[in-house]
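Below is one structure, written out as structure tokens, with a few remarks after it.
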Amino acid sequence: MGNVDPALEVKQLFKEKFGHTPTHVVKAPGRLELLGNHTDYNEGLVMSLAVDKYILIASSPRRDGKIELVSSAFPEREIFSISELKKNPEAPWADYVKGVLNELRRHNVHFGGFSAAIHGTLPMGAGMSSSAALEVATATTVRQLYPFCITDTGSTNPPQRDKEGALPEMSREQKTNLAKLCQRAENEFVGVKCGILDQISSLFGKVFHAIEIDCQTISVEHVPMIGEIAIIICNSGVKHSLVGGEYNELREMCESAAKKIGVRALRAVDLKMLTANKAKLNEREYQCAYHVVGEIQRVIAGAKALREDDFPQFGQYMFQSHESSRDYFKNSTKELDLLVELARQHPGILGARLTGGGFGGATINLVKRNAAQVFCEFMAAEYEKKTGIKMTPLLCQIVDGAH
Ligand code: GLA
């Protein structure tokens, strides 16, 4: 695989499995949560990056009303008709696709059958949201094959192709509606009560920019992230699966804390209010709320630091965020804590924290660019020395979202 263009690889996979060339190829990037852990479903603020690790789908329409999926990561082939979107425990990866198709149908989007080959350059279970990237790639595949335009509740006039057959770029509103649709697919079909961070990030990525999301209004701003810095992922190698249930439990803690305080979501709570209401909460509710309230403040402060190009200050917020996840939210692992502590020992580090849902997965490291190479070598060697686990740090570029 190595340096081969993944778009060629996915086309090749399609050709091998279906015997002809695909008509369309789309790619949706994975995301890195930069700052703001578990703030999204609390209607809070969060910063993320879309990065150059993707889910790609090559596709062609077909006339028999069937959808047939193959994947480079799983051996089984999945075939079903549009009117029969049911979970198959033998191919749980296909649920993300079916969930999106199901939501599109609920929005009255008319689409026909298609064959699709799925290929990823995104490490699965690393907390880089391969699931949201698959959802977004599914939605953009259907848009390419059977153009549509959705509103919050239904669909409107589809976009027109130009002379070359290309579709116009999606508006902000379209991207937001699509992100919500994909999130609903994951919440309702797959059963993970995730927030909107991952889907928004995969659609709203912008090269050299961080994405700042206000999850109360679902509005997005782009903050330049240009400088002598590198973004490096260290995957702990400990598998992370959101379907595991811990995620939904944390969300329930936050929601019951908000309810007992008498607000719709923890976004409405500041530290003073939390302290005043401490007696109403059990210990876990208080700890979770304390983390979320602090994280939202850190995102505000972090966005300011980024706008001032103050990367050392931003890095400090990343370290603080990790400590809060570790000590209060308790969604870290000993491997993630070790990765952050090792990173802290290196002179090239600016900031490090766990990224994404937690309970395994990866850390995101903000590193001085001229130290990137030695940092990677240091982390790989030290992590293996301490755990026996071989780990290859990944350098990530910030990229545009799916289109
Ligand atoms: C996962 C979820 C997101 C978000 C993060 C934690 O990635 O899918 O919605 O809650 O965890 O910030």
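Scope of the values below: all heavy atoms of this structure, side chains included, with no hydrogens, waters or symmetry mates. Owing to the predicted nature of the structure, the values given are computational and were not obtained by experimental measurement. Residues: numbered from 1 along the sequence shown. Counting starts at 1 for both ligands and their atoms, in listed order.
Taking distance alone, with nitrogen or oxygen atoms compared against 3.5 Å, T39 stays at or beyond that limit from ligand 1. The N/O atoms of D198, backbone and side chain alike, include one that comes under 3.5 Å of an N/O atom in ligand 1.
Side-chain contact check for E341 and Q345: no donor-acceptor pair (N or O, by modelled atom type) lies under 3.5 Å. Under the 3.5 Å distance criterion, with hydrogens and angles disregarded, no donor-acceptor pair is assigned to the side chains of N37 and S321. For the residue pair H107 and R184, a side-chain donor N or O sits within less than 3.5 Å of a side-chain acceptor on the partner.
Annotation for ligand 1: atoms under 4.0 Å from non-hydrogen atoms of G195 are 9 (O). Close approach of ligand 1 to H38 is summarised as follows: ligand atoms under 4.0 Å from at least one heavy atom of the residue are 6 (C), 12 (O). Near N37, meaning under 4.0 Å from any of its heavy atoms, are these atoms of ligand 1: 6 (C), 12 (O). Each of the following atoms of ligand 1 lies closer than 4.0 Å to a heavy atom of D40: 3 (C), 4 (C), 9 (O), 10 (O). Interface atoms of ligand 1 facing Y247, defined by a heavy-atom separation under 4.0 Å, are 1 (C), 2 (C), 3 (C), 4 (C), 9 (O), 10 (O), 11 (O). Contact atoms of ligand 1 toward G356: 6 (C), 11 (O) (distance under 4.0 Å to a heavy atom of the residue). Ligand-side atoms of ligand 1 in range of E33: 5 (C), 6 (C), 12 (O), range being under 4.0 angstrom from any heavy atom. Remark: ligand 1 atoms within the under-4.0 Å shell around heavy atoms of C194 are 2 (C), 8 (O), 9 (O).
Proximity of M128 to ligand 1 is not established, as no heavy-atom distance is less than 4.0 Å.
Not counting sequence neighbours, K87 has no partner by the salt bridge (Lys or Arg N to Asp or Glu O under 4.0 Å) test.
Within 6.0 Å of the NZ atom in K11, the count of heavy atoms belonging to other residues, nucleotides or ligands does not exceed 12.
Checked by atom type and distance alone, the side chain of R353 pairs as donor or acceptor with a backbone atom of E33 at under 3.5 Å.
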Could you please spell out the steps behind the side chain to side chain contact (heavy atoms under 4.5 Å, CB included) verdict for L366 and I231? CA-CA 5 Å; L366 183 66; I231 306 288; 3.8 Å; yes
Would you please test E84 and K86 for salt bridge (Lys or Arg N to Asp or Glu O under 4.0 Å) and show each step? CA-CA 6 Å; E84 250 182 290; K86 282 199 229 83; 3.3 Å; yes
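Neither the backbone nor the side chain of E295 has a heavy atom within less than 4.0 Å of ligand 1.
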